[in-house]
Amino acid sequence: MIEAKVFEISGIVQGVGFRPFIYRLAKQYFLSGEVSNTEAGVCVKIEGEKENIDRFYKDIAQKKPPLSLITNVSIFPAEIKGFKNFLIAESTNKNKNSKTALIPQDVSICSDCLTELLNPQNRRYKYPFINCTNCGPRYTIIKDVPYDRRFTTMKPFKMCDSCFAEYQNPEDRRFHAEPNACHVCGPNVLLFDNRKKPIKTQDPIAECANLIKKGYIVAVKGIGGFHFVADAQNNKAVFTLREKKKRPDKPFALMSRDIEDIEKFARINNDEKNLIESLARPIVLLKKKQTDLLSEHIAPNNNYFGVMLPYTPLHYLLFERQNFTVLIMTSANISGEPIISDNNKAFEKLSGVADFFLIHDRKIHIQCDDSILKKNQYNLETIRRSRGFAPSPIFLNKKTALILACGAELKNTICITKKNKAFVSQYIGDLKSFAAYKLFEKTISHLKKITDVKPQIIAFDKHPDYLSSRYAKALKNAELIGVWHHHAHIISCIAENKTDEPVIGIALDGTGLGTDNNIWGGEIIIATPASFTRKAHLSYAAMPGADAATKEPWRMGISYLYGAYGEDFLNCNIDFLKNIDPQKIRIIAEMIQKKINSPLTSSAGRLFDGVCAILGLKNKITFEAQAAMELENIANPKITDFYKCERIKKEVCQIPFAPIIKGIVSDLRQKIPVSDISAKFHNTIIKIFAELCIEIKKETKINKVALSGGVFHNSIISNGLISRLKNAKFEVLTHKQLPANDGGISLGQAVIAAAVMKKK
Ligand code: ZN
Ligand code: ZN
Ligand code: FE
């Protein structure tokens, strides 16, 4: 029986090869009709045998293109019009229609393109910019909407006849593949030395691989920016990179050709395999194996390697030319600044580190670092959400106003909301760096453009000195809504879980301004998007030297000892105190006592720093969270013991650190190994916060607990707390796509601003 139907499909269905997919599917089932882009997504008018239409419908969900995401399909009966054929209808008003289309993220090379890349018979054999509708750069090359070649950085490259024929053919994999290119018409790679002198060679990639093999450091331009590339098995090269980059400790990311090579130096389970092979090709943190295959300077004092697979054709060609087991592939930047993406800037800023430059002439419109993920016992942890994920939306449980949220100051991201979607930007970084601040401004205007949003509400952190807050307050013609830092953390987490019911929120992080003007970060709050109340917190300690205390954990060590013992702390008789200049100790003690430049903090991050210092592990750090990571890495998993967990019940419950610090000092005096002490400390934090949740549940009947804040990137704390809370029958909410650290804050800010506006 012949029938006619209309399918309206919404989600990520434009610019991802969806219409040609529908076209091919309709042909396969002998159906006629047409497919067109609409404001909501894609509309399919279809006629044919009922059976075939049913099969067609089933296949849409099952066989959809890899980059597409279907959020809804509405089906309507239609009148039979007697279509003769199946057509892809040109959008009549492309401009208007495409404005609402979602801009896809950048994706790794697909298996079809990879096969062609390595096939000597193919016309794109060894072409480093091969791509198709299912793969290649998107977000980083798009300058405006609609997603069309003329609005991308591919504009200067005019397609040759062969490429254009593919581009126009609905049966071809490259139908409307905007970055489509080949040897004849597309971008090219070039090799230079660090004085910008071209290296004469037939094959720049092969020569680049040779140079890396010889131990040189090469700055290689990729999708979202430059990488420093070196042979990870060459100890001297890796050490030189550390020295030149002035990066003594922070781990370098690695790239291997395949899983088999990764297994030579890291443990990888099935979940991690799926993750590392996924289209986004993120860096995945994998447990190190004992091996001397790799340089010892890659991730010192760390139990993990950050590893990824090749994601551009160029990466594959590098591995093809030299049989590298593993390469260093670390973001090329000046310390503290965003990844560098522009050819001239690269020469200007990276010549002190890189010996050679492998560049290309396709411009990167917006920088995008590699994303970093980790598979945990209970959840998938995002540490940095960037290339491969941004700007794909996070779907919210309800429609919201047009909001721009400006994010935090460190690990900044911004967020724009529209209808039920939240567009969280790529990782921008620490706004105190001028280059990052420039990227922040550029990302805001870029994201506004590609989402076609003129924000009516601007949300920002209540910290008056954050550059993101200052930016927000200078904006005109919009409603400004300040949001408290830890409220934003918790609401970001629950928004990802599509709820807005009251939760018990545990926010553990480094720094964030609280309502009493102190620096919070060891908090339990009861929160809904519209409001929150503080229920408990770590008791306050001084931060002698303010910001300096975050970089120098020994200052926090002194502060916690002072807080626990008062002036008598000097009699503690532990190595930590013996190893610091007594003069310096006196100065710090005086600063605390006289409250000179020593703001108060309840931060869990600072407590980790202080304990790390007291244990004699680290007095100064060179990258954020380094102390906490070291403390985590040495913890002895067999220890189940803990320190005294006390609390002082007041209107807002306080968790005194003194009993913990005294327990640690006593253990140190008894020569208990620091790995045992570290484990006991972790166990104590877990126990206290879990017990407090149980007490709060009795009082409030709230059964949902949301976890957020940078401290949850500590696996012992997150796994331990989740497991304990689950045992106590709590529903535990954790971040799903966004990081628990300040990179996730912008979403929370937006959702809070929407709720506050509604109340007004
Ligand atoms: Zn492809
Ligand atoms: Zn071509
Ligand atoms: Fe934070």
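Along the sequence shown, the residues carry numbers beginning at 1. These numbers were taken from a predicted model, which means no experiment stands behind them. Atom set for the values below is all heavy atoms of this structure, side chains included, hydrogens, waters and symmetry mates excluded. Start at 1 and go down the list; that is how both ligands and their atoms are numbered.
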Problem set entry | Lys/Arg N to Asp/Glu carboxylate O, R124 vs E166, below 4.0 Å |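 Salt bridge: yes.
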
For this session: Before accepting this row, confirm whether a basic side-chain N of the pair D370/R387 lies closer than 4.0 Å to the acidic partner's carboxylate O.
Result: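 Salt bridge flag = yes for R387 with D370.
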
For this session: Answer yes or no for H183: is there an N/O/S atom below the 2.8 Å cut-off from the Zn ion (ligand 2)?
Result: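 Checking the Zn ion (ligand 2) against H183, no N, O or S atom falls under 2.8 Å.
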
Exercise. Ring centroid separation for H176 and Y147, is it under 6.0 angstrom?
Worked result: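 Between H176 and Y147, the centre distance exceeds or equals 6.0 Å.
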
Exercise. How many degrees, to 10°, between C163 SG and C185 SG as seen from the Zn ion (ligand 2)?
Worked result: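 Rounded to 10°, it measures 110°.
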
Exercise. Taking just the N, O or S atoms of H485, which one is nearest to the Fe ion (ligand 3)?
Worked result: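 For H485, the N, O or S atom at the smallest distance from the Fe ion (ligand 3) is NE2.
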
Problem set entry | N/O/S atom name from H489 that is nearest to the position of the Fe ion (ligand 3) |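 Nearest to the Fe ion (ligand 3) within H489's N, O and S set: NE2.
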
For this session: Compute both the distance and the angle, then confirm whether R384 meets the cation-pi test with Y427: under 6.0 Å from the six-membered ring centre, within 45 degrees of the axis.
Result: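 Yes; both conditions hold, so R384 lies above the ring face of Y427.
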
Problem set entry | the Zn ion (ligand 1): angle it makes with SG (C132) and SG (C135), nearest 10 degrees |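 Result: 120°, to 10°.
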
Exercise. What does the angle at the Zn ion (ligand 1) come to, between atom SG of C110 and atom SG of C113, rounded to 10°?
Worked result: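 Approximately 110° at the metal, rounded to tens of degrees.
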
Problem set entry | 2.8 Å cut-off met by an N, O or S atom of H486 to the Fe ion (ligand 3) |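 H486 does not place any N, O or S atom closer than 2.8 Å to the Fe ion (ligand 3).
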
For this session: Just say parallel, tilted or perpendicular for the rings of H486 and W520, cut-offs at 30° and 60°.
Result: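 If you compare the ring of H486 with that of W520, the planes turn out parallel.
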
Exercise. Given the rule in the side chain to side chain donor-acceptor pair (under 3.5 Å) test, do Y540 and D516 qualify, once you have shown the distances and angles that lead to the verdict?
Worked result: CA-CA 12 Å; Y540 286 124; D516 58 359; 2.4 Å; yes

Exercise. If the Fe ion (ligand 3) is the vertex, what is the angle to OD1 of D742 and OD2 of D509, rounded to 10 degrees?
Worked result: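 Centred on the Fe ion (ligand 3), the OD1/OD2 angle is 160° (to 10°).
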
